[in-house]
Amino acid sequence: MKEHLLKILIIGDGNVGKSSFVHRYVSGQFNRTYKMTVGVDFSLKTLHWSDKEKVRVQLWDVAGQERFVSMTRVYFKGAVGSVLMFDVTDTSSFLKCHQWKQDLDSKATLPNGSSIPCILLANKSDLSDWAVPADHIESFCKAHGFVTWMATSVKDNKNIDKAMRRLVEEILSI
Ligand code: GDP
């Protein structure tokens, strides 16, 4: 049995749903209470990927707050993939994705020097007041080299496993 340990970063502005995402993915639950992430959390989930392969996904969630900048070095070190999340009802969280992606590309690289695979998640898609049009997301995704983008709802458990499977697939194909 081959075992992969994948360190995956969860990035994006505060309040977009990152810690809810991690909690949902790892434990299958949605927790309504707001919790500002303090420092770095990491959670582990084991996937039985194939008859011959087991994947341990280690998710690193960090607050988007500047006061945690001192943690960035250890945060990015050894990461092989990333989830960049924004809130579809919050335009500024989408506009900030450009900066998040640049930061990621400059700090986290694979041993061969290329940037690590990143999937773009448009979260809170269950809400009706989308402020970011899908075609803007699509063109941003294409222009900035994301693996792909998906509309997710941590609340309704929509596309959570699917998004992570797609990202893991991409990481393992490198
Ligand atoms: P973080 O700061 O990015 O880690 O965001 P949190 O996980 O703390 O979530 C912020 C708020 O958004 C919380 O009140 C969550 O319950 C809520 N939330 C997270 N995901 C969703 C979603 O898919 N839909 C809706 N409607 N609310 C969500």
Side-chain angles (χ1 to χ4, degrees), residues 6-45 57-77 79-108 116-138 140-141 144 146-168:
L6 308 182
K7 175 177 174 179
I8 296 177
L9 311 177
I10 316 296
I11 59 176
D13 276 6
N15 206 36
V16 300
K18 299 182 302 299
S19 40
S20 307
F21 175 87
V22 171
H23 186 67
R24 168 67 93 183
Y25 182 62
V26 171
S27 76
Q29 288 167 5
F30 178 69
N31 193 338
R32 279 182 171 279
T33 49
Y34 178 84
K35 166 187 149 281
M36 180 69 87
T37 314
V38 179
V40 177
D41 281 331
F42 63 82
S43 313
L44 200 61
K45 176 158 168 150
V57 177
Q58 195 187 51
L59 296 176
W60 288 57
D61 182 12
V62 77
Q65 269 64 40
E66 309 233 325
R67 61 177 182 242
F68 296 125
V69 279
S70 57
M71 260 180 241
T72 54
R73 211 181 55 85
V74 66
Y75 179 65
F76 288 103
K77 194 172 161 33
V80 293
S82 175
V83 171
L84 173 51
M85 180 177 280
F86 67 95
D87 171 348
V88 289
T89 68
D90 173 9
T91 310
S92 101
S93 73
F94 173 66
L95 296 175
K96 280 284 287 301
C97 286
H98 189 196
Q99 213 171 308
W100 278 110
K101 183 66 163 67
Q102 273 188 334
D103 201 36
L104 178 72
D105 289 347
S106 68
K107 291 181 178 144
I116 65 173
C118 182
I119 192 165
L120 179 65
L121 300 185
N123 192 42
K124 306 197 189 180
S125 64
D126 56 283
L127 299 174
S128 54
D129 52 336
W130 279 46
V132 188
D135 57 331
H136 287 200
I137 306 172
E138 176 72 28
F140 176 74
C141 174
H144 292 87
F146 288 93
V147 173
T148 189
W149 76 276
M150 286 184 201
T152 57
S153 167
V154 178
K155 182 166 180 256
D156 293 347
N157 200 12
K158 186 187 152 200
N159 283 343
I160 309 302
D161 283 341
K162 191 175 171 191
M164 289 303 298
R165 269 204 309 276
R166 180 67 192 87
L167 180 63
V168 168

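Ligands are counted one by one from 1 in listed order, and the atoms in each one are counted from 1 as well. All residue numbers refer to positions in the sequence shown, counting from 1.
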Self-check item: Under 3.5 Å donor-acceptor, Lys45 side chain and Val22 backbone
Solution: no
Quiz item: Of all the atoms in ligand 1, which lie at a distance below 4.0 Å from a heavy atom belonging to Ser20?
Solution: 6 (P), 7 (O), 9 (O), 15 (C), 19 (C)
Quiz item: Are the aromatic ring centres of Phe140 and His144 under 6.0 angstrom apart?
Solution: yes
Practice problem: Flag the pair Arg165 and Asp161 as a salt bridge only when some basic side-chain nitrogen lies within less than 4.0 angstrom of an acidic carboxylate oxygen. | Solution: no
Practice problem: Give a yes or no answer on whether the side chain of Lys18 reaches the backbone of Leu84 with a donor-acceptor pair at less than 3.5 Å. | Solution: no
Exercise. Using a 4.0 Å heavy-atom threshold (strictly under), name the region of Leu127 that reaches ligand 1: side chain, backbone, both or neither.
Key: side chain
Exercise. Please confirm whether Gly14 comes within less than 3.5 Å of ligand 1 when only nitrogen or oxygen atoms on both sides are compared.
Key: no
Quiz item: Which ligand 1 atoms are under 4.0 Å away from a heavy-atom of Asp126?
Solution: 22 (C), 23 (O), 24 (N), 25 (C), 26 (N)
Practice problem: Indicate yes or no for a side-chain donor-acceptor contact from Lys158 to the backbone of Asn123 under 3.5 Å, with no hydrogens or angles considered. | Solution: no
Exercise. Have a look at Val154, Ile11, Asn15 and point out the one with the heavy atom closest to atom 1 (P) of ligand 1.
Key: Asn15
Exercise. Tell me which part of Val16 gets within contact of ligand 1: side chain, backbone, both or neither, using heavy atoms under 4.0 Å.
Key: both
Self-check item: Nearest non-hydrogen partners of Val26 and Leu44, listed with the distance
Solution: CG1-O, 3.7 Å
Exercise. Would you mind finding which of Met85, Lys124, Lys18, Lys155 brings a heavy atom closest to atom 18 (N) of ligand 1?
Key: Lys124
Quiz item: With backbone taken as N, CA, C and O and side chain as the heavy atoms from C-beta onward, which portion of Asp13 lies under 4.0 Å from ligand 1: side chain, backbone, both, or neither?
Solution: backbone
